[in-house]
Amino acid sequence: MKYVDEFRDGRLARSLARAIAREVDPERTYHLMEFCGGHTHAMSRYGVQDLLPPNIHLVHGPGCPVCVLAIPRLDLAIELAQRPEVTLVSYGDMLRVPASRRRSLLKARAGGADVRMVYSAIEALAIAQQHPDREVVFFAIGFETTTPATAVLILEAQRLGLKNLTVYCNHVLTPSAIQSILDSPEVRELGRVQVDGFIGPSHVSTVIGSRPYEYFAEEYQRPVVISGFEPLDVLQSIRMLVRQLNDGRAEVENEFTRGVSRDGNVKAQALVADVFELRPEFEWRGLGHVPYSGLRIKNAYAAFDAERRFALREKPVNENKACQCPSIIRGLKQPTDCAVFGNACTPRNPIGSCMVSSEGACAAYYKYRWRKPEAA
Ligand code: SF4
């Protein structure tokens with residue numbers, strides 16, 4: 001397949017890995033955070049860490065939209081779904097994520113709630129048109145990759161004069177989350193998480209470009225390489241980061257030149273800017289309340305805002321103490337550090353969001369890197 005197979009060539013991958021091994025400084029370590037869960041899965045699936053010299057450490061970041069959704073926000077989605085007049089429309093990954101008291105949208109559906117799974121935001125439009133007697137709520141989650149589609153949904157609903165469609169907006173921003181990691185006590189004060197450079201997600205940058213990372217590369221003196229998701233993309237990005245660190249540079253570089261420019265998709269950015277505005281703060285699972293890291297619907301489109309129509313208010317909840325997702329999302333722990341990984345918590349019976357999502361670090365480890373111990 002064009003643009004796929006040539007980026008999965010094992011011979012080239014081993015040759016790139018040997019080039020990296022020649023370039024690393026044996027006297028130092030390199031801690032590189034892949035922000036996005038898609039990279040975590042690609043690295044696990046293709047054994048990238050096993051190809052690298054032992055002084056390159058990959059640190060998993062918070063870039064999994066399902067994993068970072070704070071439980072009070074998910075609780076509100078379940079409460080919405082349980083209203084008799086509501087049809088809640090959601091991406092599939094969200095259905096199995098455990099909320100407080102081990103509830104989930106899937107369990108709510110089993111209990112009679114009208115919860116429907118879609119693959120794209122615009123499908124909610126057809127559902128609202130087909131069921132004018134129902135209040136259809138689209139449960140919008142995700143980073144900059146999915147936000148333009150939600151903006152289009154709202155603009156289309158307005159154009160068609162739909163009165164029974166609203167959006168429960170949980171869209172979040174990648175650069176703010178990276179800045180929050182760099183500002184966290186674990187990185188700044190305690191030194192418990194070392195992050196020397198970032199592997200940035202290319203799909204996000206197809207929308208926002210590479211420019212938004214320039215500020216913190218300069219301010220925090222950490223290099224960023226925007227990387228594709230195939231194994232050769234990832235290895236080449238690691239090599240570019242190693243070179244920057246060896247040279248003492250902290251720049252934004254673009255490995256994914258076949259899809260990313262400095263300015264990104266200006267049309268998509270204009271759609272998002274038309275419909276959404278920054279929230280002063282937004283709660284992330286694992287990162288807490290992060291300033292200017294989430295989006296809300298502008299007043300001009302208030303009629304399509306589920307939080308206003310249904311007067312939604314978050315209630316604080318306690319995390320399940322067994323689950324280490326918050327620490328994994330912050331890069332403090334690895335999935336296998338969790339005592340219930342692979343025994344009480346599996347993809348079939350997930351306790352935390354990191355085991356549910358197709359981008360979650362626990363799911364990646366379980367699927368690709370972990371072998372169940374043989375029974376004695
Ligand atoms: S293994 Fe399960 S319980 Fe442990 S951190 Fe991962 S998702 Fe949470």
Side-chain angles (χ1 to χ4, degrees), residues 31 33-45 48-49 57-75 77-78 90-108 139 141-143 170 172 177 180-181 184-187 190 192-193 195 283-288 290 316-375:
H31 290 82
M33 176 176 273
E34 85 273 7
F35 177 83
C36 180
H39 278 138
T40 309
H41 272 252
M43 290 166 173
S44 302
R45 179 176 177 187
V48 168
Q49 177 77 74
H57 303 282
L58 301 173
V59 185
H60 313 309
C64 156
V66 170
C67 308
V68 298
L69 187 75
I71 291 178
R73 300 289 299 178
L74 178 55
D75 280 352
I78 293 172
S90 170
Y91 294 125
D93 265 2
M94 284 312 306
L95 300 193
R96 296 174 62 233
V97 177
S100 65
R101 293 178 278 136
R102 300 212 70 181
R103 298 179 302 162
S104 70
L105 285 170
L106 205 58
K107 287 179 185 168
F139 184 11
I141 64 153
F143 290 88
N170 293 274
V172 286
S180 156
I181 290 166
S184 69
E186 289 92 355
V187 173
L190 309 174
R192 284 165 63 198
V193 179
V195 183
E283 184 180 1
W284 295 55
R285 194 164 195 211
L287 303 182
V290 180
V317 295
N318 293 323
E319 288 274 349
N320 182 331
K321 286 195 171 57
C323 180
Q324 302 296 320
C325 277
S327 298
I328 292 168
I329 288 167
R330 292 206 301 278
L332 271 171
K333 290 188 176 173
Q334 302 246 338
T336 42
D337 295 331
C338 176
V340 293
F341 175 89
N343 44 70
C345 184
T346 64
R348 286 175 69 94
N349 182 33
I351 290 177
S353 53
C354 304
M355 189 60 96
V356 177
S357 168
S358 57
E359 296 188 22
C362 296
Y365 268 59
Y366 189 90
K367 192 167 180 186
Y368 300 117
R369 298 187 61 170
W370 180 75
R371 292 285 163 267
K372 194 170 185 164
E374 300 289 334

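Atoms within each ligand, like the ligands themselves, are counted from 1 in listed order.
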Hey, are the side chains of Val317 and Asp75 touching, using non-hydrogen atoms and a 4.5 Å cut-off?
yes
Distance-only donor-acceptor check, side chains Arg330 and Ser184, under 3.5 Å
no
Going by the order shown, which atoms of ligand 1 are within less than 4.0 Å of some heavy atom of Val340?
3 (S), 4 (Fe)
Just by modelled atom types, is the Pro347 backbone N or O under 3.5 Å from a matching donor or acceptor in the Lys367 side chain?
no
Can you tell me if an N/O/S atom from Cys345 lies under 2.8 Å from atom 2 (Fe) of ligand 1?
yes
Roughly how far, to the nearest 0.5 Å, is the OH atom of Tyr91 from the OG atom of Ser357?
13.5 Å
Residue and atom name of the nearest protein heavy atom (relative to atom 5 (S) of ligand 1), distance in Å to one decimal
Gln324 N, 3.2 Å
Nearest non-hydrogen protein atom to atom 4 (Fe) of ligand 1, with distance, is Cys338 SG, 2.3 Å
For atom 6 (Fe) of ligand 1, what's the nearest protein heavy-atom neighbour? Residue, atom name and distance, please.
Cys362 SG, 2.4 Å
Just which atoms of ligand 1 are under 4.0 Å from any heavy atom in Met355?
7 (S)
With a 4.5 Å cut-off on side-chain heavy atoms, are Gln324 and Asp337 touching?
no
Would you say Glu359 and Cys67 make side-chain contact, with heavy atoms under 4.5 Å?
no
Pick one of side chain, backbone, both or neither for how Cys325 approaches ligand 1, counting any non-hydrogen atom pair under 4.0 Å.
both
Under 4.0 Å between heavy atoms, the region of Ile328 that gets near ligand 1 turns out to be side chain
Can you list the ligand 1 atoms lying under 4.0 Å from a non-hydrogen atom of Phe341?
1 (S)
Geometric class of the Phe143/Phe35 ring pair [parallel <30°, tilted 30-60°, perpendicular >60°]
perpendicular
Atom 8 (Fe) of ligand 1: closest protein heavy atom, distance to 0.1 Å, is Cys323 SG, 2.4 Å
